[in-house]
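Heads up: the structure comes next, in structure tokens.
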Amino acid sequence: MDRPISRVTLDVGRDLGGEPGVWAALTAEEARDLAALLLAHATEAEHRAPVGGDPQAGRHI
């Protein structure tokens, strides 16, 4: 049976022990909002990144 997709799922990844991690089920609007926020933070990180700095030292959202 074909049903329309009503949620976007996001696999956050495995935890430090290698166990399956967290999943998020987002509406299309929530997924778009998250994507916009991630793009904005990525742009900010690129502009603020110190030369030779730690690439892991980022801003958490």
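- Looking only at side-chain heavy atoms (C-beta outward), V8 and L34 stay at 4.5 Å or farther from each other.
- Within a 6.0 Å sphere centred on CZ of R7, heavy atoms belonging to other residues, nucleotides or ligands number more than 12.
- We find the CZ-NE2 distance between R48 and H41 to be 10.5 Å, quoted to the nearest 0.5 Å.
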